[in-house]
Amino acid sequence: MPDKTITLSVTRFDPDLDPEPRQQSYEIPFKDDMVVLDGLNWIKTHLDGSVNYRWSCRMGICGSCGMNVNGTPKLGCSAFLRDYLPGPVVVEPLPNFPVVRDLVIDMSSFMEKLSAVKPWIIREQGAIGTGEFLQTPAQTEQYRQFSMCINCMLCYSACPVIAIEPEFIGPAAIALARRYELDSRDQAGDERLRTITASDGIWDCSFVGECSAVCPKGVDPARAIQQTKFDSTLGVLLPWGGK
Amino acid sequence: MAEAPRETVETDVLVIGAGGAGMRGAVAAALSGARVTVICKSLLGKAHTVMAEGGMAAALGNVAHLDSWEAHFADTMKGGKLINNWRMAEIHAKEAPERVLELERWGAVFDRTRDGLIHQRPFGAHTYPRLAHIGDRTGLELIRSLQDVLVHTPAVDVHMEVTVASLLTSDGRVAGALAYARADGRLILYRARAILLATGGAGKIYRITSNSWESTGDGTGLAYEAGAQLQDMEFVQFHPTGMVWPPGVRGILVTEGVRGEGGLLRNKEGDRFMEKYDPERMELSARDVVARAINSEVLAGRGSPHGGAFLDITHRSPDFIKSKLPSMYEQFLKLAKVDITKEPMEVAPTIHYYMGGVRVDAETGATNVSGLFAAGEVASGLHGANRLGGNSLSDLLVFGKRAGEAAGAFAGAHGGSAPIDSRQLEQATERLLAPLRRPHGDSPYRLMSELQEVCTKYAPIIREEKGLREGLEKVLELGGRAQLCGTGGPNGRAFNPGWHTAQDLHGMLINAEALFRSAIERKESRGAHARSDYPRLDARWAELNLITEKTPDGMAVRAVENKPLPYELTEVISQSFKRYTPEEIS
């Protein structure tokens, strides 16, 4: 072992053997430039080949390696061990999701929520014809930040409403809906809005803004939720309308 | 008797891989009326395409009105040192604009010109500003847009976190695939009328790469074992600018967009050294030229402190940098504590792309195995000896669509899937499960890391015969050890990363062996294949592609003549050659 080490306390869970998740500690060499993901890879290669977690790009763009680091949802590839000195660093699966194994969560509910908001261009007059649709930089700016989402699930883990109402369609899906609503090519009217406002939970969102605070890409789902509520209460669509 | 798969899935078209080519292919196959099943090794939307930054090349002519498919075609052929499959280059140049516009109509967000047209940025070796882009995260947008289309395309099923172990054939026609679910290790037999391979490249056979863990050359391995021909396997692209420091991020991509937006390359003495290597195009020269230039500067003792070059964009305003290159700004700030609006970046070549891959028909992506198609990085031909930046994303869309349609049509023309050869299935199952029964076998992690060392050391930017032969020997030795490897850990089926690694290793070894064998054969320097013992382009080799195939005696490499260019296309190229440097025409 080199002079400097740090301890990672990693959640282990094998549904066939463990009645519930437990923490296991690993001492690993510490270097200033190491992120939590590097630490886990070191453990897997050198100490314990059975540790499971998802990862892919290691550059903060694929959104695979979401995990709870010392209680805060983070991308493992962007959480530097140096920020958690002297340790131990507690690495757990993202909360608000069923745990499949170790740090691996079941996010199938999210995939359903994504499709539910109809994340595609809806046109009243059918598909946009051939040729190029013009969109000025100012029009692009309207929705651009909402298109930065990498589906990493950090906002769902931070969301206090999801914790109580798992059916809530949730921050990323609403931000995605907003991304299409604000797109000058889209003519969905209140079609998407109806889906969202019919979803349990949105009216419970108290704009705590945890979702926006943990977003690694600077998306502001809290704003999307507020805008959606605002649009709805403007009389475009009342929450109890249709019920 | 090996165990039988617990689950059988029947489908018309099986798409293996869910990056840009796989998703575009799946949509095309579904629109042609086929039932489609998409398999991906990770979760949907996380494929390697997501990491692409700079943009997709298409002669839209939005920024430079003079641009044309002819100019794009000529640039691509010239970049590929003329051994590209010219018909693929022609189709690509002609169809890329429509594929980009289609993506736009599907909702993709792009940077726009003041008039609202899709903006296009300059890139290395493209005569005109040609790359449609959104900031420096174009791959993410491409994946997201295609994913949004895919989820509401009827008749498409997506099976996530499933790995294919072997393709099954019957009388020279593809019949299906043996796969396993990573979550619980259950075996799945896919029966399909047609299969589209869209598995990407094999960058992970090198230690320093911009590629994600998934790029283990699965498709080339699967195709080779099923009897398909591979081609151009000696051509592996070093992207000139990967991160160098700190060590943990070494190899991560620094987009060519930095140079497209005006970034300058300097050595430690402050010289813009590209003046020596390509005075006309400077930083925006082809990738192979820039990568070798940086390599030469480092070898001459003029490298940056950590063995690279400086890439400087500080002469642009901070606002400009943050709006045009937001991901780069964030990446360097977070990972290297470098503010690129104030300080230069340190960069060095990193393994980035496989020009070689499965040999395909230009029109349809069909391989020589009936019913087996390939598109994207796993296929070969379009890029020849060196790929131009931006030509990959457009490749995925153009040939993903074509191969998807062709696979759909093939499935429509064949009433059912070919019968499964039970002996083949049994052998495939046996090989797949064997590492689980070897508690004392070699660790696949160790073997993979040794393989990466071998490729890095013996097939570097500049190669030579002796090193290549030594490398081949070591790869073969590793291959022997891999046949007896275990899992390096527990032997359960559920979520067993060691077992997955043993499986990845199988494909990586085929890729590495093909690389060394082909690199030994090509006795010249062309594009990404540079040899110190044959430092010049040899005109005789311009007419030859190297094919790798499985024979009863093992892997064999042979040269085949490429189809001569038709007169009109020769004219298109010679017109454009007037703008090129003498070195390139030699």
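In what follows, every chain begins at residue 1, and chains take the letters A, B, ... in the order their sequences are listed.
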Is B/M160 close to chain A through its backbone or its side chain, or both, or neither, when contacts mean heavy atoms under 4.5 Å? side chain

What residue in B/R114, B/H119, B/Q331, B/M243 has the most heavy-atom pairs under 4.5 Å with chain A? B/R114

When only pairs under 4.5 Å are counted, which of B/V100, B/V249, B/T487, B/I134 shares the most heavy-atom pairs with chain A? B/I134

Applying a strict 4.5 Å limit to non-hydrogen atoms, the region of B/E161 in contact with chain A is side chain

I need the residue from B/L60, B/D111, B/N496 with the largest number of non-hydrogen atom pairs under 4.5 Å to chain A. B/D111

A/T140 versus B/V109: any side-chain heavy-atom pair under 4.5 Å? yes

Part of A/N52 within contact of chain B (heavy atom distance under 4.5 Å): side chain

So which of A/D183, A/L176, A/I150 has the biggest tally of heavy-atom pairs under 4.5 Å with chain B? A/I150

Heavy-atom cut-off 4.5 Å, strictly under: side chain, backbone, both or neither for B/P326 against chain A? neither

Under a 3.5 Å distance rule, please check whether A/E132 uses its side chain to pair with a backbone N or O of B/I118 as donor and acceptor. yes

Atom group of B/N62 that falls short of 4.5 Å from chain A, counting heavy atoms: side chain

Suppose a student defines contact as a heavy atom less than 4.5 Å from any heavy atom of chain A. Which residues in residues 137-149 of chain B would they list? B/R137, B/L140, B/E141, B/R144, B/Q147, B/D148

Taking A/G60, A/S115, A/A138, A/G63 one by one, which has the highest count of heavy-atom pairs under 4.5 Å against chain B? A/G63

Between A/S56 and B/S212, the two heavy atoms sitting closest are O-CB, 3.3 Å

Separation of B/K46 NZ from A/C152 SG (nearest 0.5 Å): 7.0 Å

One should read off an interatomic distance between A/R58 CZ and B/M51 CE, to the nearest 0.5 angstrom, of 6.0 Å

Checking A/R179 against chain B: side chain, backbone, both or neither under 4.5 Å from a heavy atom? side chain

Would you name the heavy atoms of B/V50 and A/C62 that are closest together and state the gap between them? CG1-CB, 3.7 Å

Could you give the distance from OH (B/Y445) to NZ (A/K44), rounded to the nearest 0.5 Å? 4.5 Å

Applying a strict 4.5 Å limit to non-hydrogen atoms, the region of B/T209 in contact with chain A is backbone

Chain B contact via A/D32 - side chain, backbone, both or neither, heavy atoms under 4.5 Å: side chain

Taking atom CE of A/M107 and atom CG of B/L44, what is their separation to the nearest 0.5 Å? 9.0 Å

Side chain, backbone, both or neither: which part of B/I252 has a non-hydrogen atom closer than 4.5 Å to chain A? both

Of all heavy-atom pairs between B/P490 and A/S50, which one has the smallest distance, and what is that distance? CG-CB, 3.4 Å

Of the listed residues (A/D14, A/V104, A/N151, A/T136), which shares the most heavy-atom pairs with chain B below a 4.5 Å separation? A/N151

For A/E167, does the CD atom sit with more than 12 other heavy atoms under 6.0 Å from it, leaving out its own atoms? no

Who among B/E330, B/K337, B/E102 has the most heavy-atom pairs with chain A under 4.5 Å? B/K337

Which atoms of B/A52 come close to chain A, meaning under 4.5 Å heavy atom to heavy atom: side chain ones, backbone ones, both, or neither? neither

Tell me whether A/K74 at atom NZ has more than 12 heavy atoms from other residues, nucleotides or ligands lying less than 6.0 Å away. no

Portion of B/A494 that has a non-hydrogen atom of chain A nearer than 4.5 angstrom: both

Part of A/P15 within contact of chain B (heavy atom distance under 4.5 Å): neither

In the structure I gave you, are the side-chain heavy atoms of B/P247 and A/D33 within less than 4.5 Å of one another anywhere? yes

Honestly, the part of A/V51 sitting under 4.5 Å from a heavy atom of chain B is backbone

Tell me, for A/L114 versus chain B, whether the close heavy atoms (under 4.5 Å) come from the side chain, the backbone, both or neither. side chain

Let me confirm one number: the NE2-OG distance from A/H46 to B/S443, rounded to the nearest 0.5 Å. 9.5 Å

Give a yes or no answer on whether the side chain of A/R185 reaches the backbone of B/R105 with a donor-acceptor pair at less than 3.5 Å. no

So what's closer than 4.5 Å to chain B heavy atoms on A/M111: side chain, backbone, both or neither? side chain

Students often mix this up, so state it plainly: with edges at 30° and 60°, are the rings of A/W120 and B/H152 parallel, tilted or perpendicular? parallel

If you round to the nearest 0.5 Å, how far is SG of A/C77 from CG of B/L335? 7.5 Å

Lys/Arg-Asp/Glu bridge criterion (N-O < 4.0 Å) met for B/D184, A/R101: no

